Student: 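Here it is: the structure, laid out below.
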Amino acid sequence: MSQYRLVQIDGVEIKISNPDKLLFPQANISKWDYVLSCTRLAPFLLPYCKDRHLTTIRYPDGVNNESFFQKNAPAHRPEWVMTKTEGDIEYILLNNTPTLIWLANLACLEFHVSFNVANNPNRPSEVVFDLDPSTDDFSRVVEVALYTREILHQMDLDGVVKTSGASGLQVYVPIEPEYCYEDTRKVNRFIAYYLAEQYPDLITIERRVQHRGDKVYFDYLQHWKNKTLIAPYSPRGKPEATVSTPLKWEELTPALSPKQWTLATVFQRLEQLGDLFQPVYRGPRYVLEPILKFIERHKL
DNA sequence: GCCTGCC
DNA sequence: GGCAGGCAACGCGTG
DNA sequence: CACGCG
Ligand SMILES: [Mn+2]
Ligand SMILES: [Mn+2]
C-alpha cells in the first residue's frame, strides 16, 4: 500500500511518495513539509543554480541514514528536466521549480553547483572564498570573513557573505565572467597567503588537516573547474535542517551562530530581508586586471 | 527512492 | 516476487 | 611518486 500525494506546479504533476516519512526527525520535518519548504525556497535558490552543473546529495531514509552523491540525471526522469552533458556526465540543471520538487521527492537535501555556468566553461562568475573552521568556535571564522572583506575593500572590491549551513562561511565576489580559473586562483591564493601571514594565529593555508590546529583553513583550492560549493539557500543534510544563508555584513558578530538559520527559521527572515544575494546578480561585476597586475608585479 | 538485473 | 547493488570517484597541490 | 584533501 504505497502512499503518495500528487502536487501540481507550473503546469506539471509530480508524485510525492511517502509524504509522511520524516526526513529530518530531530527537526520534525516530513517529506511533505520538505516539499512545501522547497517551493518557498525556490525563488531564492533557483536564480544562482540556473544553468550550473548540479551535484546533489540524497538521503532516501532521512538525515540519520545513508546518503549518496548524484551528478548524472537518472534515465527515467520527467521530460521537462533540463540537462547538460559534459564529458561522460549528463548533469541535471536545477532551472525550474518542478525540477526542484522532483528532486525533493528523491530526498535530495543538498544542492551543490559549479562556479561557472554550463555554457561558459572555465569562466567563473564569481571569485569565491571558502572559509573552513577547524573547531566549533564560529567567532574565529567570522573574524576571518571580516578581514577578507577588509582586503577586498582595499582593492575597491566587495562581496556577499553566506553561511555554508555546516560550519563555515563563504564570500562571493561577482566578476565579469571572462577570467579563467588560473587567474582567479592567483587572486584567491594571494589573499589567502596575505591573510595567513598577517594573522598567523588565526588563519592557515595548511592542506593537511592534522597540521591546522584550531586555525581557520582559508581554502583557496576549492574554487576551481569542476568543483562545486553548496548553493546559496540550499538546505543541508544536517539534523537541524540548516540552510546556507546569505547575511548582511553587520550580522558578522562574535554572537553569530552557524545553526541559526534553518528550514524552521529562514522563511521569516526571507520575508523581512528579501534576497541578500541580489548584489551577486544585479550589482557591479568587478574586473581583476588591477589585482592581477599587482600580483604579477610583486611576483606573488 | 527508484530502477535494473538476477535468483 | 524479492533482494542486492548503484547512484562521484578524480584532480590537484604538496612533501 | 604517493599521498591527502574536498
Ligand atoms: Mn567550506
Ligand atoms: Mn573547503
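Note: hydrogens, waters and symmetry copies are ignored here, and every other heavy atom, side chains too, is used. Protein chains get the first letters and strands the later ones, always in sequence-line order, with residue 1 at the start of each. These numbers were taken from a predicted model, which means no experiment stands behind them.
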Student: Identify whether NZ of Lys or CZ of Arg in A:Arg212 sits under 6.0 Å from the centre of the six-membered ring of A:Tyr217 and within 45° of that ring's axis.
Tutor: yes
Student: If we take the P atom in both C:dC7 and D:dG6, what is their distance in whole Å?
Tutor: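 So the two P atoms sit 24 Å from each other.
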Student: Who pairs with A:Ala264 by side-chain contact (heavy atoms from CB on, under 4.5 Å), at least two apart in sequence or on another chain?
Tutor: A:Thr262
Student: What is the per-nucleotide protein-contact pattern of nucleotides 10-15 of chain C, from the 5' end, where B denotes a base atom under 4.0 Å from a protein heavy atom, S denotes such proximity for sugar-phosphate atoms only, and - denotes neither?
Tutor: --BBS-
Student: Looking at A:Tyr4, does the NZ or CZ of A:Lys15 lie under 6.0 angstrom from its six-membered ring centre and within 45 degrees of the ring axis?
Tutor: yes
Student: Kindly list each side-chain donor-acceptor pair under 3.5 angstrom involving residues 44-52 of chain A, sequence neighbours excluded, with atom names and distances?
Tutor:
residue : atom : partner  : partner atom : Å
A:Tyr48 : OH   : A:Arg52  : NH1          : 3.4
A:Tyr48 : OH   : A:Glu126 : OE1          : 2.7
A:Asp51 : OD1  : A:Asn95  : ND2          : 2.9
A:Arg52 : NE   : A:Tyr48  : O            : 2.6
A:Arg52 : NH1  : A:Ser114 : O            : 3.3
A:Arg52 : NH1  : A:Phe115 : O            : 3.0
A:Arg52 : NH1  : A:Ser125 : OG           : 3.1
A:Arg52 : NH2  : A:Ser125 : OG           : 2.8

Student: Quick one about A:Asn72 and A:Tyr91 (side-chain donor to acceptor, distance below 3.5 Å, no hydrogens or angles considered), yes or no?
Tutor: no
Student: Near DNA chain C, under 4.0 Å by heavy atom, which residues of residues 31-38 of chain A?
Tutor: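 Correct list: empty, so none.
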Student: Heavy-atom count check: over 12 atoms from other residues, nucleotides or ligands less than 6.0 Å from A:Asp136 CG?
Tutor: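 No, not enclosed.
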Student: Name the pairing partner of C:dA8, where a pair is Watson-Crick or G-U wobble with both distances under 3.5 Å, or state none.
Tutor: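 Looking at the geometry, C:dA8 pairs with no nucleotide.
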Student: Below 3.5 Å between N/O atoms, which protein atoms pair up with nucleotides 1-7 of chain C? Just atom names and distances, please.
Tutor:
none

Student: Check A:Glu240 with A:Lys238, please: is the shortest side-chain N to carboxylate O separation under 4.0 Å?
Tutor: no
Student: Kindly write out the residues that satisfy side-chain contact (heavy atoms from CB on, under 4.5 Å) with A:Pro78, not counting sequence neighbours, or none if the list is empty.
Tutor: A:Trp80, A:Val81, A:Trp102
Student: Taking atom C1' in both D:dC5 and C:dA8, what distance in whole Å separates the two?
Tutor: 15 Å
Student: Contacts to DNA chain B from residues 89-106 of chain A, heavy-atom cutoff under 4.0 Å, which residues?
Tutor: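 Residues of residues 89-106 of chain A under 4.0 Å from DNA chain B: A:Asn105, A:Leu106.
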Student: Heavy atoms under 4.0 Å, any strand shown: does A:Arg212 hit a base, just sugar-phosphate, or nothing?
Tutor: sugar-phosphate
Student: With a strict under 4.0 Å distance from non-hydrogen atoms of chain A, what nucleotide opens and what nucleotide closes the contacted stretch of DNA chain B, reading 5' to 3'?
Tutor: B:dG1 to B:dT4
Student: Which residues pass the salt bridge (Lys or Arg N to Asp or Glu O under 4.0 Å) test with A:Lys186, not counting sequence neighbours?
Tutor: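 A:Lys186 satisfies salt bridge (Lys or Arg N to Asp or Glu O under 4.0 Å) with A:Asp183 once adjacent residues are dropped.
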Student: Please name all residues satisfying salt bridge (Lys or Arg N to Asp or Glu O under 4.0 Å) with A:Glu90, sequence neighbours left out, ordered by chain then number.
Tutor: A:Arg77
Student: Would you find more than 12 non-hydrogen atoms of other residues, nucleotides or ligands less than 6.0 Å from A:Glu197 atom CD?
Tutor: no
Student: Can you confirm whether the side chains of A:Lys162 and A:Ser244 place a donor and an acceptor under 3.5 Å from each other?
Tutor: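 Their side chains do contain a donor-acceptor pair, which is all the 3.5 Å distance test asks for.
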Student: Tell me every residue that passes side chain to side chain donor-acceptor pair (under 3.5 Å) with A:Ser234, counting only those two or more places apart in sequence or in another chain.
Tutor: none
Student: For A:Asp10, what residues pass the salt bridge (Lys or Arg N to Asp or Glu O under 4.0 Å) criterion, not counting sequence neighbours?
Tutor: none
Student: Taking only Lys NZ, Arg NE, NH1 and NH2, and the carboxylate oxygens of Asp or Glu, determine whether A:Glu178 and A:Arg285 approach each other closer than 4.0 Å.
Tutor: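 Salt bridge between A:Glu178 and A:Arg285, a charged N being under 4.0 Å from a carboxylate O: no.
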Student: Closest-nucleotide mapping onto DNA chain B: is A:His76 or A:Asp61 further toward the 5' terminus? I mean the 5' end.
Tutor: A:Asp61
